[in-house]
Amino acid sequence: MPDPQSDAVQLGWDPEDGLDALKVPLFQTSTFVFESSEAAERLFSIVYGGEKPGSGEEVGFIYTRMDHPNLVITERRLAAWDGAESALLFSSGTAAIFTTFLTHLRPGDLILHGAPLYGGTNTMLQKVLGPLGFEIGSFGPEASQEEIEDMIDGRRLGAVYLETPANPSNDVFDIDLASRVARAASTPEHRPLTIVDNTFLGPYAQRPLDHGADLAVYSATKFFGGHDDLVAGVVTGPLQLIDPMKTMRYRIGTTGDPHTAWLLGRSLETYPLRVERQTANARVVSDFLEGHPKVERVRYLGAIDDDDRVAELAKRQWSSAGSMICFDVSGGKAGAFAFLDALRLVANATSLGGTRSIACHPWTTTHSNVDVETRRSIGITDSMIRLSVGVETPEDIIADLDQALARV
Ligand SMILES: *Cc1c(COP(=O)(O)O)cnc(C)c1O
């Protein structure tokens with residue numbers, strides 16, 4: 001098997017299928033012409049009726065909400081990156097996460113999640129899945145297997161859901177520990193899932209399926225897309241879990257569209273190049289921040305000491321530190337605002353993982369939906385800045401941060 005990087009520039013496309021075009025064409029169409037009515041009947045008996053295609057039988061496309069060529073090509077490349085049997089592309093990371101819960105869990109099930117989480121996911125759990133009848137519980141990064149298991153309290157565990165590293169604080173969770181909780185709660189009739197949101201590190205640095213996760217979910221809007229010009233989501237995992245999600249996806253219409261799938265397939269070709277550059281930049285930026293008198297605390301995965309609680313996990317679970325940095329500036333919210341408003345090269349915006357460096361104030365933006373008590377308890381502060389380091393020249397990023405910190 002070629003390396004994912006070699007796969008990512010050619011997998012899934014044969015020039016003979018499209019007028020010898022070297023690159024993947026954009027199949028911007030909502031529907032596909034049937035060879036014959038009989039062929040259409042056969043197609044629907046497979047897609048709707050669940051009949052198995054014969055060996056060598058080609059299953060054509062029907063309608064773009066169900067499946068389309070750009071989707072299939074990009075999904076093969078995504079699966080290769082995660083070392084997964086299969087991958088699915090969605091209209092957003094949020095759609096990917098929601099479709100995962102809707103497919104594999106049912107109301108009454110308990111979702112135990114690590115905290116913090118991306119603000120939008122937290123809101124989905126509290127404001128949508130909770131009212132639909134799902135039970136929701138959360139645990140912090142230091143919780144032991146026993147402490148997490150105690151939270152089940154006789155209920156049917158549907159999933160252990162982790163974001164590691166977590167947005168925005170870079171807190172890390174042990175995927176293997178979470179999967180042990182899920183396995184211990186299994187019965188012959190029911191197997192809880194371990195689901196990991198791997199948006200922050202991505203498969204270049206961390207492959208959750210290798211550490212016991214059943215499914216990995218991504219906001220492809222971030223590092224996979226990488227240019228802040230698309231919104232998409234991804235789930236990777238074994239066919240047995242992905243297949244029913246594909247059915248759910250067309251039933252509720254959370255499918256990724258052709259143009260986005262095409263853009264994403266193209267972006268994947270440079271995914272590791274961008275990440276390598278961003279990671280190298282982040283290391284230099286983190287060192288600069290560590291030494292700055294107006295910076296109070298820097299949390300970066302590349303700056304974990306040997307005596308840190310998570311030093312062992314750092315060796316076991318990821319191979320590269322990524323480019324997300326979280327730090328506090330002095331002067332609380334006013335200090336954070338003064339800093340952000342003075343930035344010139346680095347954009348003051350939400351989102352992350354793109355070529356351009358972006359900083360934001362989670363307390364008043366991405367995590368303002370999370371109630372204040374929860375924010376405090378999970379370590380989000382009003383002086384916290386989340387920085388996504390881009391591909392610019394590191395000296396220029398540092399010069400911009402330096403002049404902005406001077407305004408704090
Ligand atoms: C952005 C983000 C999401 C949501 O993804 P969208 O593409 O914006 O729907 C989920 N998880 C994490 C960690 C994120 O950063």
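Hydrogens, waters and symmetry mates play no part in the numbers below; they use all other heavy atoms, side chains included.
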Verdict with supporting geometry, Asp67 and Lys246, salt bridge (Lys or Arg N to Asp or Glu O under 4.0 Å): CA-CA 9 Å; Asp67 214 351; Lys246 193 168 174 177; 3.0 Å; yes
Can you confirm whether the side chains of Thr254 and Ser91 place a donor and an acceptor under 3.5 Å from each other? no
For the side chain of Asn281 and the backbone of Val389, is there at least one donor-acceptor N/O pair under 3.5 Å apart? no
Under the criterion salt bridge (Lys or Arg N to Asp or Glu O under 4.0 Å), I'd like the reasoning laid out for Arg249 against Glu75: C-alpha separation, chi angles, the key distance, then a yes or no. CA-CA 14 Å; Arg249 182 178 67 176; Glu75 285 171 350; 2.9 Å; yes
Side chains of Arg156 and His190, donor plus acceptor under 3.5 Å: yes
Which residue in the set Ile97, Asn167, Val217 passes side-chain contact (heavy atoms from CB on, under 4.5 Å) when paired with Thr121? Ile97
Would you say that Leu129 contacts Met124 through its side chain, given a criterion of any heavy-atom pair below 4.5 Å between the two side chains? yes
Assess, by modelled atom type and distance only, whether the side chains of Gln5 and Tyr271 contain a donor and an acceptor separated by less than 3.5 Å. no
More than 12 heavy atoms of other groups within 6.0 Å of Arg407 CZ: no
When you compare the side chains of Asp243 and Gln240, does any donor N or O come within less than 3.5 Å of an acceptor on the partner? no
Relative to Phe288, does Lys294 satisfy both conditions: NZ or CZ under 6.0 angstrom from the six-membered ring centre, and within 45 degrees of the ring's axis? no
So do the side chains of Pro203 and Asn198 get within less than 4.5 Å of each other, counting heavy atoms only? yes
CD (Glu35) with more than 12 external heavy atoms under 6.0 Å: no
Do the ring centers of Phe61 and Phe27 come within less than 6.0 Å of each other? no
Working for salt bridge (Lys or Arg N to Asp or Glu O under 4.0 Å), residues Arg375 and Asp382: CA-CA 10 Å; Arg375 268 184 265 168; Asp382 66 356; over 6 Å; no
Of all heavy-atom pairs linking Gly265 and Arg77, the shortest is O-NH1, 3.7 Å
Do Thr279 and Arg283 pair up side chain to side chain, a donor and an acceptor below 3.5 Å, judged on atom types alone? no
We want to know whether Gln206 and Ser319 form a side-chain donor-acceptor pair, criterion being a heavy-atom distance below 3.5 angstrom. no
Take Val370 and Leu117 through the side-chain contact (heavy atoms from CB on, under 4.5 Å) test and state the conclusion after the steps. CA-CA 10 Å; Val370 180; Leu117 285 182; over 6 Å; no
For Tyr63, is the OH atom crowded, meaning more than 12 foreign heavy atoms sit under 6.0 Å from it? no
Please determine, by modelled atom types, if Asp3 and Ser6 share a side-chain donor-acceptor pair under 3.5 angstrom. no
Please determine whether ring pair (Phe, Tyr, Trp, His ring centres under 6.0 Å) holds for the pair Phe90 and Phe98, giving the CA-CA distance in whole Å, both sets of side-chain angles, and the decisive distance to 0.1 Å. CA-CA 10 Å; Phe90 294 86; Phe98 191 67; over 10 Å; no
Does some side-chain heavy atom of Val172 sit less than 4.5 Å from a side-chain heavy atom of Ile304? no
Derivation and outcome, side-chain contact (heavy atoms from CB on, under 4.5 Å), residues Leu162 and Phe139: CA-CA 10 Å; Leu162 296 180; Phe139 55 91; 3.7 Å; yes
Is it the case that more than 12 heavy atoms not belonging to Asp306 sit under 6.0 Å from its CG atom? no
Please name the pair of heavy atoms, one in Arg274 and one in Phe223, separated by the smallest distance, quoted to 0.1 Å. NH1-O, 2.8 Å
Parallel, tilted or perpendicular: which fits the ring planes of Phe337 and His361, with parallel below 30° and perpendicular above 60°? perpendicular
What verdict does the salt bridge (Lys or Arg N to Asp or Glu O under 4.0 Å) test give for Asp171 and Arg299, after you've listed the backbone C-alpha separation in whole Å, the side-chain angles of each residue and the deciding distance to 0.1 Å? CA-CA 8 Å; Asp171 275 302; Arg299 294 211 256 173; 3.5 Å; yes
For residues Gly83 and Arg207, report the shortest heavy-atom separation together with the two atoms involved. N-NH1, 3.5 Å
Start with the C-alpha gap between Leu215 and Thr236, add the side-chain angles, then the distance that decides, and say whether side-chain contact (heavy atoms from CB on, under 4.5 Å) holds. CA-CA 6 Å; Leu215 293 168; Thr236 66; over 6 Å; no
Looking at Arg266, I want to see if its CZ is surrounded by more than 12 non-hydrogen atoms of other residues, nucleotides or ligands under 6.0 Å. no
Does the Arg297 side chain pair with the main chain of Asp328, one donor and one acceptor, at a distance under 3.5 Å? no
Heavy-atom closest pair (Leu352 atom, Phe200 atom, distance to 0.1 Å) is CD2-CE1, 3.7 Å
Can you check whether Phe224 and Tyr218 have ring centres sitting under 6.0 Å from each other? yes
